[in-house]
Amino acid sequence: MSDDNEFSEILDNEIGYIVFVTGENQNNEMCWFYASIAPSKYEDFKQAESSGEYDLADYGDVLMSGSGAAPPEDVRRKMEQEYGISDAFEQDYQKVVRKLSGLKF
Amino acid sequence: MSDNNNKNGTQIKKGTSKLMSIAPTKRSRLFQWAQDKGYRNTFFANAAGNTGVIISGIMEGNWGRAASPAMGLVRNAGAGAAMDKLSAKFSKAAVLPFFMAIPALTNIPMAVTASTVPERIGAMVLIAGYSVKAISSTITYNRMKKADPDNVNKDGIPTKIVKGMSKRVGLDLNRGKRYRYLRRKTRKARNRSLDTIERSGHLMPAILLVRGTMRTWDGILRTDPAAIGGGLAYITGAVSMAMGDMGLRREARQVIEASNQSNAPTHKSGRSP
């Protein structure tokens with residue numbers, strides 16, 4: 001196994017990008033998911049999302065799922081407790097990435 | 001509501017997503033370790049971003065370049081000056097989470113050794129397989145390198161550690177006999193550290209670590225920051241710093257501040273052990 005693949009595998013085994021996904025299922029009903037996306041597949045996942053239709057399981061593990069547009073409060077609490085989810089995470093994360101991108105290394 | 005991974009039920013149309021966190025996977029060795037240790041889920045979940053940072057610390061050399069595309073990153077990093085720039089740009093509170101992750105990912109004595117900012121920290125984490133052995137030995141090895149030349153055996157292995165000599169740490173993968181010799185020498189000290197910290201509660205490693213690292217920031221124990229800077233330059237580092245900015249480290253920081261104001265245990269020399 002090359003170093004590239006080995007590292008990628010280690011990374012995917014250790015951490016996941018926790019995402020909240022909403023959309024329509026095959027029956028055109030609203031559904032939601034909490035999923036852990038493998039870091040090496042995150043870009044592909046975002047591309048698939050923008051393409052319109054995809055299978056979430058191709059990119060990571062579904063942690064929780066249900067019907068409707070939003071999860072019940074108890075599910076949300078559980079996710080907060082177990083995975084540290086936060087609505088502000090993406091925004092703050094992008095803010096720091098922007099900060100970093102201004103640095104020259 | 002379901003809690004499964006049924007592929008048939010995961011087809012999505014017109015979907016939108018939002019990144020909510022970065023967390024260890026259930027199959028993570030780190031996760032297993034934390035579970036075995038009885039660490040609280042909340043603490044561990046909050047440390048999730050830092051997990052990525054440590055892993056990013058591994059991204060030196062070829063691995064760094066390999067990891068960049070894998071994680072959607074384009075920036076090549078690892079320059080020795082990176083840490084200087086980062087510490088100038090960001091608050092200590094933002095950078096510290098990086099160090100706080102070390103005990104969570106490896107094992108508690110790493111917190112102690114990190115007081116000197118290992119210059120190849122990522123490599124050590126990986127090679128040690130989250131074991132403390134190589135890390136502890138590395139510290140001692142570097143101490144021994146500076147040992148009194150009059151106190152060496154016929155193989156050139158130092159036989160005496162001169163107190164207070166250790167200023168730098170590193171990793172020599174080809175140390176052979178010297179490594180084995182030093183591993184024996186460090187065993188007692190390592191066990192002592194474990195006992196102390198285990199009794200002190202789950203946040204104690206972070207406290208010890210940050211205390212030690214602060215000294216590094218003050219220039220006393222500073223070593224080559226290349227690996228650290230390289231790791232921080234990656235997106236997982238960014239996430240960790242974001243988490244620091246966001247205050248998700250609040251709990252840990254409160255304890256750290258309380259510790260700094262109290263008579264928390266330190267090495268009798270006044271430095272981190």
Side-chain angles (χ1 to χ4, degrees), chain A residues 3-4 7-8 10-26 28 31 33-34 36 39-40 42-43 45-46 49 52-57 61-66 71-72 75 79 81-90 92-93 95-97 99-101 103-105, chain B residues 1-7 9-30 41-42 45-46 48 51-52 55 58-59 62-63 66-67 70-72 75-79 81-82 85-86 89-90 126 229 233 235-239 241-242 245-246 248:
Chain A
D3 279 356
D4 297 23
F7 183 83
S8 188
I10 289 171
L11 206 60
D12 287 349
N13 273 330
E14 291 294 326
I15 61 171
Y17 287 10
I18 309 299
V19 294
F20 176 67
V21 180
T22 53
E24 292 179 2
N25 62 18
Q26 287 173 311
N28 298 323
C31 56
F33 299 88
Y34 282 110
S36 175
S40 65
Y42 188 71
E43 272 205 343
F45 162 71
K46 294 302 282 184
E49 185 180 73
E53 187 169 354
Y54 63 100
D55 190 334
L56 188 57
D61 301 327
V62 173
L63 306 170
M64 301 286 266
S65 63
V75 171
M79 289 298 294
Q81 202 173 25
E82 289 191 14
Y83 294 95
I85 63 165
S86 161
D87 281 331
F89 187 88
E90 186 170 293
D92 288 316
Y93 152 91
K95 194 164 60 179
V96 174
V97 170
K99 272 189 194 176
L100 278 177
S101 63
L103 296 176
K104 291 177 183 175
F105 294 100
Chain B
M1 180 182 73
S2 65
D3 190 0
N4 58 43
N5 197 4
N6 183 352
K7 192 176 172 78
T10 54
Q11 288 285 348
I12 298 171
K13 292 187 288 186
K14 301 176 189 170
T16 58
S17 69
K18 186 175 182 183
L19 182 61
M20 304 289 278
S21 178
I22 291 183
T25 63
K26 296 285 186 187
R27 58 185 175 274
S28 160
R29 293 178 66 189
L30 166 61
N41 276 345
T42 48
N46 284 347
T51 307
I55 291 170
I58 298 171
M59 298 182 199
N62 291 332
W63 282 35
M71 299 189 67
R75 184 172 294 284
N76 189 15
K85 291 181 178 178
L86 282 171
K89 288 260 184 185
F90 299 101
L126 182 72
I235 215 159
T236 44
V239 169
M241 287 193 286
D245 285 345
M246 288 157 56
L248 291 181

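These figures come from a predicted structure and were not determined experimentally.
When every heavy atom of A/Gln26 is checked against every heavy atom of B/Lys13, the shortest pair comes out as O-NZ, 4.0 Å. For the residue pair A/Asp87 and B/Met20, the shortest heavy atom distance occurs at OD1-CE, 3.4 Å.
Counting only heavy atoms from C-beta outward, the side chains of A/Phe20 and B/Leu19 never approach each other to under 4.5 Å. Residues B/Ile12 and A/Asp55 have side chains not in contact (no heavy-atom distance under 4.5 Å, counting atoms from C-beta outward).
Heavy atoms closer than 4.5 Å to chain B are found in both the backbone and the side chain of A/Tyr54.
Atoms NZ and CG, on B/Lys14 and A/Asn28 in that order, are 7.0 Å from each other to the nearest 0.5 Å.
Using modelled atom types, one side-chain atom of A/Glu49 and one backbone atom of B/Ser17 make a donor-acceptor pair closer than 3.5 Å.
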